[in-house]
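Accompanying notes for the structure given below.
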Amino acid sequence: MTNPKLVLIDGNSLAYRAFFALPLLTNEQGIHTNATYGFTMMLQKIVEEEQPTHMLIAWDAGKTTFRHATFSEYKGGRQKTPPELSEQFAYIRKLVDAYQIPQYELDQYEADDIIGTLSRIAEEKNIETIVISGDKDLTQLASDKTTVQITKKGITDLESYTPSYIQEKYGLTPIQIIDMKGLMGDTSDNIPGVPGVGEKTAIKLLSAYETVEGVYAHIDEMKASKMKEKLVANEELAYISKQLATIERAAPIEVTLDTLHYPGPDMEAVHEIWHQLQFKTLLEKSAFQTEAKELKDIDFEVISSWEDSHFEDDMTFHIELYDEHYHTTEVLAVVLATDSKHYVMKGDAAFSQPLFKAWLEDDSKQKRCYDVKAFQAVSKRFGCELKGASFDLVLAAYISDPSISSSQDLASLAKHFGYTEVDEEEAVYGKGAKKKAPEDEALFHHALRKATAVWELKEPVEAKLKETKQYDLYHELELPLASVLGEMESFGIKVDRETLEKMGVELKGRLTEIEQRIHAMAGESFNINSPKQLGVILFEKIGLTPIKKTKTGYSTAADVLEKLQGEHEIISEILLYRQLGKLQSTYIEGLLKEIHDDGKVHTRYQQALTSTGRLSSINPNLQNIPIRIEEGRKIRQAFVPSEKEWVVFAADYSQIELRVMAHMSQDEKLVRAFQEDRDIHTQTAMDVFGVAADEVDGNMRRAAKAVNFGIIYGISDYGLSQSLNITRKEAALFIDNYLTSFPGVKHFMDDAITSAKRDGFVTTIMNRRRYLPDITSSNFNLRGFAERTAMNTPIQGSAADIIKKAMIDMDRELESRGLKTKMLLQVHDELIFEVPVDELEEIQKLVPEVMENAVELSVPLKVDFAFGTTWYETK
DNA sequence: AGTATCACG
DNA sequence: ACGTACGTGATACTG
């Protein structure tokens, strides 16, 4: 017998939520269906994910409740339920009946109270309970046994409130949620609270005094303030509010747990209602699911020796790998499939069979893949070249929407396109320490289902890309780039172990010295790497003034410590310790661990991850090797050419983002400045400060540079004030001056936001998209973030498009000229090569030329370059 | 597993 | 009044 699991649902709250989250849909009879539809989606999800044994949907009973006796204005000022919603309640109730979920309401009580009472009873019987609502009030019911899930965004996105989550989020216990409401009130229920007290203040008071009663017991100890006056004046309101917010947990309900047994839905009845309301997608999906489940028993053939008859001109090619580290991980199986053929070969044996190799390397045999770059790199490990890759599901999905990233597995990716017949990786392999490859049969099935998903999704996903005019971006930029990147990764870059080890020994000595000095100054020994312990030493023992706080305590971040420098000699030692410690752990020890037997590191570029279209680099990350501080920069001395007498060659775009902005905004002054190749930061300083070129001093240029950065990031006065250490007012003035001087830029920024609001997304010069659902949010923070993103993404993303195009051109040029020079790394706006000396002259001309002509903008692109015996020397 | 910190463009 | 710069990844600590 499985353990009982009880799910309690706040019916009214979810119905409202569904109604407002979805546009007002109607069926052919003119019946509104949006709330019913949303409610169905929620039920479907809850039933599938929670698999409850017992369930109840609780409803509010009527107009008045016992709370109105306490406070007649309770829930006053509320908008009347829209008639379009009222008419849907009948359908929702019918639907719930079809699902065979018990429903209940009780006169004079609200759904909250029914749920509170039942969850108490369940708790006493030690039964696991889930409460689902759109109302955060219910979180007061959370306990070890009871999880409260609150709708978050959309209709099926839920946030789980457990006692520890509530502690984390608010610093309160579930019971204190009641006290919080008592102090801050709740506008939606017309609970008054203490005027002027909001969430932040309420939490502060409660963490000091625990309860509303505690606050008033200690009110005399509080310093005189506006807040204190308000608290004193509204004591009675606070108590009434707390009482109103308290869920009744002993309501006189007539249902018992036994009557809440949930037998599962009567699907026939459910389908009938769906049919009546014309929920076509749900009906189709449900039909598709039953159909597809039979598809799971697809016949496949386990191959031990490939034959000509196995191969087709167009197939899915899939390599089942143990984990994502494809440069080293084990090959578990190789799969070839079409809609009618399904072959699998265990392990990596396929690669050693000539027939297979010939097919793999035949450009005219099309391969549909899940991750071309990975499969290419794996093939290369076995001495094979993957050719004819005609489709990459990861890339195609990412281009259609970059929030579908490669960090999701195929199952969740396919779901975005309505395909559900694949298991999650975790379900097949397990997770954490328990992860292991399944038995052959399960493994083959899983690999085959993935291959089938890839086969099925090619057409619809490509059609979608054509519709949004993104097919070229996918097919002519990202897909060819995957091969170029795969080549770079497989080739790798040589790292000199001895150089790093020598630096490591020296660093270790210095670190112990500094550590001893710090401990001596502190008068005790402690862990400097623990922000918690360090905070205690600095701000309690030594008594320095904390400048910033984090969620968990004092901030000891570098910008805080820098402000404290001069107050105590320990500060500069700590900063140095942090700096050197970072070098030691991340760049010496970390990098050493990544050196393969060939003396090289082989990063993996994540081509389908960032929201802007940039690449990212992992295992190791070669896009954040130190450069700004000399001590760190020396790490680059360990990056050397793989052949004697070759050199490292580095070329970077100068001001690519500002040039892109000039092009996109068509700001006259900015365009001209670049066309005349002027120093852009000096030019900005002249305009912002209204001075002549020779009057711009170092500080003015530095400020102008920060303003330029700010503009690219989607400026805010606060952000600029932080970066320049000036007041917000001064920062606002800089920005204002800038936007007046460059009206084209102002127009561009405004337009970015307007078009994002209109279309729901922003685009780059190559039609890369980023969706910004939060741009219309009523939440100030979310909206502000989306607005800055709307300004930044077209710039950062277009720069990414450009260098990607340059890489493809560069690769073709090296190939067609038969050069031995290798492209090794990409670091957002720069490319790193290794070059035989006899090609150096040609490369010095070729690389800048290719990069500068990757695209044509209304401003010139400019490339600087340097070379040397190590990466360090390319300055 | 989440948080703080710090490395890069 | 709100509370922020944009985009990443690796490490150490801590509950």
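Chain A is the first sequence line, chain B the second, and so forth, proteins listed ahead of strands; every chain is numbered from 1.
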Mind checking if [X] touches a base, just sugar-phosphate, or nothing, with heavy atoms under 4.0 Å?
X	value
A:A706	base
A:K200	sugar-phosphate
A:S723	base
A:G710	base
A:I618	sugar-phosphate
A:I625	sugar-phosphate

When the distance from [atom1] of [X] to [atom2] of [N] is rounded to whole Å, what number comes out?
X	N	atom1	atom2	result
A:L825	B:dG9	CG	P	13 Å
A:I528	C:dC13	CD1	P	11 Å
A:W871	B:dG9	CH2	C1'	11 Å
A:Q607	C:dT8	CD	C1'	16 Å
A:L583	C:dA12	CG	C1'	15 Å
A:R728	C:dT4	CZ	C1'	9 Å
A:K634	B:dA7	NZ	P	16 Å
A:N529	C:dA10	CG	C1'	14 Å

Using the side-chain heavy atoms of [X], tell me which of these nucleotides is nearest: [options].
X	options	value
A:T610	B:dG9, C:dT8, B:dT5	C:dT8
A:N619	C:dA10, B:dT5, C:dG7	C:dA10
A:Y587	B:dA7, C:dA5, B:dC8	B:dA7
A:A558	C:dA5, B:dT5, B:dC6	B:dC6
A:I627	B:dC6, B:dC8, C:dG9	B:dC8
A:P531	B:dT5, B:dG9, B:dT3	B:dT5
A:F780	B:dG2, C:dG7, C:dC2	C:dC2
A:Y713	C:dC13, B:dT5, C:dA5	C:dA5
A:Q796	B:dC8, C:dT8, C:dC6	C:dC6
A:S585	C:dT11, B:dT5, B:dG9	C:dT11

Can a side chain N or O of [X] be found less than 4.0 Å away from OP1 or OP2 on [N]?
X	N	value
A:S616	C:dG9	yes
A:T586	B:dC6	no
A:Q533	C:dT14	yes
A:T612	C:dG7	no
A:S530	C:dT14	yes
A:K532	C:dG15	yes
A:Q606	C:dG9	yes
A:R614	C:dC6	no
A:N624	C:dA10	no
A:R788	C:dC6	yes
A:K582	C:dA12	no
A:T556	B:dT5	yes
A:R628	B:dC8	yes
A:S611	C:dT8	yes

Using the P atom on both, measure B:dC6 against C:dA1 and round to a whole Å.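 Approximately 33 Å lies between the P atom of B:dC6 and that of C:dA1.
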With C1' as the reference atom in both, quote the distance from C:dC2 to B:dT5 in angstrom, rounded to an integer.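 These two C1' atoms come out 26 Å apart once rounded.
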Examine A:F734 together with A:Y738 and report whether their ring centres are nearer than 6.0 Å.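 Ring centroids of A:F734 and A:Y738 are no less than 6.0 Å from each other.
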Could you check whether A:Y872 and A:F639 have their ring centres less than 6.0 Å apart?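 Judged by ring-centre distance (under 6.0 Å), A:F639 and A:Y872 do not meet the cut-off.
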Does this structure show an ion pair linking [X] with [Y], if we count only N-O contacts that are shorter than 4.0 Å?
X	Y	result
A:K169	A:E159	yes
A:K541	A:E524	yes
A:E657	A:R614	yes
A:E478	A:R768	yes
A:K805	A:D801	no

Can A:T763 and A:R769 be counted as having a side-chain donor-acceptor contact under 3.5 angstrom?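 Checked: A:T763/A:R769 side chains show no N/O donor-acceptor pair below 3.5 Å.
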Ignoring hydrogens and angles, state whether a donor on the side chain of A:N527 or A:S530 is under 3.5 Å from an acceptor on the partner side chain.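 No, A:S530 and A:N527 have no side-chain donor paired with an acceptor closer than 3.5 Å.
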For C:dA10, what is the paired nucleotide under Watson-Crick or G-U wobble rules, both distances under 3.5 Å?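 Because both required distances fall under 3.5 Å, C:dA10 counts as paired with B:dT5.
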Quick one: look up who C:dC2 pairs with, Watson-Crick or G-U, both distances under 3.5 Å, and put none if it's unpaired.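 Across all strands, not a single nucleotide pairs with C:dC2.
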Assess whether one donor atom and one acceptor atom, taken from the side chain of A:R783 and the base of C:dT4, lie less than 3.5 Å apart.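 Per atom types, no contact qualifies.
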